[in-house]
Amino acid sequence: MSTPPFSPVLVGGLLLRAIPPEIVQPIADRLARRVQVRHPGLFERLNPLGPKRFLVDVVDLPWQFLLMIADGEGAVSVLRKGDSAEVDATIRAPLKVLFGLLDGSIDGDAMFFTRDLVYEGDTEAVVALRNALDGADIDFLDDVAAGFGPLADPAKAIAQKILKAVARVETDMEILGESLVSPAVRRAEAQQRRIDELEERCARLEKTLRRSKTLPT
Amino acid sequence: MSRVARDPSRPVTSLELVCPAGTPAALRTAVDAGAHTVYCGFRDETNARNFPGLNFNREELRDGVAYAHDHGADVLVAINTFPAAGNLDPWYRAIDDAARLGADAVILADIGLVEYAKDNAPNIRRHLSVQAAASTPEGINYYANNFGIARVVLPRVLTLPEIKELNRHTEVETEVFVFGGLCVMAEGRCSLSSYVTGKSPNKTGVCSPASHVAYEETGAGLASKLGGFTINRFAQGEPAGYPTLCKGRFAANDKVSYLFEEPVSLNLLEMLPEVADAGVTALKIEGRQRGKAYVEKVVKAFRRAVDALEKGQQLDAAAIADLTEGGQETAGAYRKAWH
């Protein structure tokens, strides 16, 4: 999926374009360290693969994330969209899908079968990463909130409220999106019906023609 | 033949739901979702889902067994590949450790390993894997009489009437697949993956290993490749599938089609009354390579169905179609529509 979905994340991502990766990098570093400490088994599961580099392209955000794994440890580097990097595999999906993969609430295979998630490169590395993430029991909100120390619980509660509000806005935007494209969809459906009719007529004509050719003269 | 059942509240007449656990997290998810039993494997070639990043180390299995037992569920350990000549130790160790760590049964395919388990781990049950491809009463009873096999996982090539007839001629419990990926070939005897990749599901535990799989976006759509060969090409918007040779789309006689089998998943949810009537003991959900979201959704749906069946209620055919390969499902050979 190269076209991002019409969502609050996409709108937010457009607003975030002005923020350079250097500003986001320290946050990514801190989160990577926290995940490492709270889920030590995650990178240990990937050890048999040796060093691997994944480019995670969040299609509705202005940044990409370069995930580097080696010797049971992981690090993340934030890149601007379009920046090139030498990687073993590239994973491309909207933020919502990637979060779902992180916490195991979304089935990666199903997302891939339906093409909501695409990847290029080393399939074995991508499969291993998916399996390791799924087995790590990551609760991303929990991991983020843990950084707030004694205020972790209130921070998590606020984050959950924000996510609920985003989900509501997302539903509204879906309705809006459907409303905007419905005239075009109706036209496309009418055209498809017309094409089907023409194909049927062609098939009938071809059949008639074949019969007439086989008739004795 | 006694049941594995540890949960005393579960009636002995009920169908046992056997669920996949590729990781400890998936094991906990399956148990929480209502699995009566989970099955898993060690992180090596001793099991037929030897995928990268998957499976259990010894400590994880010990913890997993404790979690399952605390919640009234059982744990089966799949040691269902065929050992390489001259390298038997990993398989022997797997059986020894499964018994030592408290597993309730081992699922075995190789006749030599069944004998080893009988002699060296007599206190845990021995189940015959689908990889052994035992599909006749004579074959199954031979395993039972000589090696004390308590249960057989039936190959997915039998119809329900055939399973019912088979159950009339054996005391061995039967377990049948009810959901998930489908093998069109006789399990344990398929060499298609070896032919293209040199890796065998029977010996190294991987069919179409990810190390030999590639997906490439082309102008004509998404091409899926195995061992460098294009196995399928999916148009924009068409659901994709994993490139196994048996589910490839090939051109023959000027026609492009799925020559062997379409990428569909087995789903017997709506046929459970007939499955129960065939006299099977356990229902197996395939998918140790799938994630927790899949495990939770499928296990919950089947547990609801099993409970409803037991109470004589209408089955709730929950929407689990989005978890199927290629977005399509089939009843496979259980409801055979071909000759």
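Chain identifiers are assigned alphabetically (A, B, ...) following the order of the sequence lines, protein sequences preceding nucleic acid strands; residue numbering begins at 1 within each chain.
For the side-chain contact (heavy atoms from CB on, under 4.5 Å) criterion with A/Leu102, the lone passing option out of A/Asp134, A/Asp139, A/Leu133, A/Val97 is A/Leu133.
Ranked by non-hydrogen atom pairs under 4.5 Å with chain B, the options A/Asp103, A/Asp137, A/Val127, A/Leu129 are led by A/Asp137. Chosen from B/Ala26, B/Pro52, B/Ala214, B/Pro209, the residue pairing most often with chain A at heavy-atom distances under 4.5 Å is B/Pro52.
With hydrogens and angles left out, the side-chain atoms of B/Asp32 and B/Tyr67 include a donor and acceptor closer than 3.5 Å. B/Asn47 and B/Arg288 form a side-chain donor-acceptor contact under 3.5 Å, judged by distance and modelled atom types alone.
Of the two parts of B/Glu296, neither the backbone nor the side chain holds a non-hydrogen atom closer than 4.5 Å to a non-hydrogen atom of chain A. At a 4.5 Å heavy-atom cutoff, B/Leu27 makes no contact with chain A through either its backbone or its side chain. Neither the backbone nor the side chain of A/Leu46 comes within less than 4.5 Å of any heavy atom in chain B. Neither the backbone nor the side chain of A/Asn47 has a heavy atom closer than 4.5 Å to any heavy atom of chain B.
Between A/Glu44 and B/Arg43 there is a salt bridge, since a side-chain N of the basic residue sits under 4.0 Å from a carboxylate O of the acidic one.
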request  = Could you walk me through whether A/Asp109 and B/Tyr242 pass side-chain hydrogen bond (donor to acceptor under 3.5 Å, both in side chains), step by step?
outcome  = CA-CA 9 Å; A/Asp109 282 6; B/Tyr242 195 80; over 6 Å; no
